[in-house]
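As a basis for the values below, the full set of heavy atoms in this structure was taken, side chains included, without hydrogen atoms, waters or symmetry mates. The chains referred to below are lettered A, B, ... by the order of the sequence lines, with proteins before strands, and numbering in each begins at 1. For clarity, every value in this text was computed on a predicted model and none was experimentally measured.
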There are 2 protein chains.
Amino acid sequence: MIYTVGEMAKKLNVAPSTLRYYDKEGLLPFVERSGGGIRMFKDADFEYLAVIECLKQAGMVIKDIKVFIDWCIEGDSTIEQRLNFVDNQRRAVIKQIEQMQQTLKMLEYKHWYYETAKKAGTCSVHSDMNEEAVPQEFRDVREKVKGLPCVK
Amino acid sequence: MIYTVGEMAKKLNVAPSTLRYYDKEGLLPFVERSGGGIRMFKDADFEYLAVIECLKQAGMVIKDIKVFIDWCIEGDSTIEQRLNFVDNQRRAVIKQIEQMQQTLKMLEYKHWYYETAKKAGTCSVHSDMNEEAVPQEFRDVREKVKGLPCVK
DNA sequence: TATTGACTTAAAGTCAACTTCAAGTTGTAT
DNA sequence: ATACAACTTGAAGTTGACTTTAAGTCAATA
């Protein structure tokens, strides 16, 4: 099965211009062209672009992705670099997940905070709430944001 | 304890210009000034900025953070909006964590891929590797990237 | 074969989030 | 009192990741 840039873009739920941009930046050296110069995406390219999407969403910038692809093209002489690269990326993602989980904890606290405030009709229920009324899992977060100006 | 913009920036490990930018964008309405106009950050502002950092790293844009802060200032009449906002944000973060875990899985596969290739001195060990030699946890990822042009 | 919608490129435009610059002010240390 | 590092502002510049525009080409259909 062969797809034009528009068809592949629809499959990936991105704008066609995004794929053209990736191509221009050297991220798609494997995409072949028709005699008239039209890009012909294959099914494997869908998975390939999904991997790129994955790396991007992990916080990798396009230039770094290009570096990695260039190493892949260069062949076995760059295995060490690629191992290194993947390792750094892996560590960065682990760190990011940890941070995200911190953020989630805070948002869950805030969720409880505003649910409670909503029931009471005012945020001031929280200022004279005794420790026991605060669910166990929120006590440490609450302690941290206690002194904040307003955005608890 | 009181800090200047430079001192607080150092504590937060950001550039002073970043804090001035946040201030200009309305993210720091609680930071007071000296008679001469110099920002005076307090200890509570450190926690406050840490929360902002958290929201930012969760993918929230500065304008949205400002909207939230403005709601906080407005008071109890905006509790419902804030609950809604926090809830959406929470859902988005959960989704992001799930995606990150997918990415991590892929990077762990690649880590194994290049470790193995390094030992063998070539990536071609993978093309004629039988299923049993692939660790259980990598088999599904491997299947997905099997047909990829080069960047497996 | 003519039309038409989707493709092509290069170049310019946009947006968020900063950063840098220029010109001037503050406040501490000698 | 004077120097000097760090502060202030507004405005312009930068970077990354696209998006839009303009001018033209391709290829499937009537």
Considering only heavy atoms from C-beta outward, does the side chain of A/Phe68 approach that of A/Val86 to under 4.5 Å? yes
note: A/Met8, atom CE; C/dT8, atom P; distance rounded to Å ~ 13 Å
Output one letter per nucleotide in nucleotides 15-30 of chain C: B when a protein non-hydrogen atom lies under 4.0 Å from the base, S when only the sugar-phosphate is that close, - when neither is. -SBBBB-----SS---
With sequence neighbours excluded, tell me which residues meet side chain to side chain donor-acceptor pair (under 3.5 Å) with A/Asp43. A/Tyr3
DNA chain D: 5'-most and 3'-most nucleotides touching chain B, 4.0 angstrom heavy-atom criterion: D/dC7 to D/dT9
So the side chain to side chain donor-acceptor pair (under 3.5 Å) pairs with at least one residue in residues 66-80 of chain B (sequence neighbours excluded) are A/Lys118-B/Glu80, A/Thr122-B/Asp76, B/Lys66-B/Asp70, B/Thr78-B/Arg82
Running the 4.5 Å side-chain criterion over Ile, Leu, Val, Met, Phe, Trp and Tyr, what cluster does B/Met40 land in, apart from itself? B/Ile2
What pairs with A/Arg139 under salt bridge (charged side-chain N to carboxylate O under 4.0 Å, His left out), at least two apart in sequence or on another chain? none
Using the side chain to side chain donor-acceptor pair (under 3.5 Å) rule, collect all pairs that involve residues 96-106 of chain A, keeping only residues at least two apart or in two chains. A/Lys105-A/Asp140
Counterpart residues, side chain to side chain donor-acceptor pair (under 3.5 Å), relative to B/Arg142 (two or more places apart): none
Atom pairs and distances, donor-acceptor, side-chain atoms in residues 5-20 of chain B, under 3.5 Å, two or more places apart:
residue : atom : partner : partner atom : Å
B/Glu7  : OE1  : B/Thr4  : N            : 2.8
B/Thr18 : OG1  : B/Ala15 : O            : 3.3

Value in whole Å for how far the P atom of C/dT8 lies from CG of A/Leu19: 10 Å
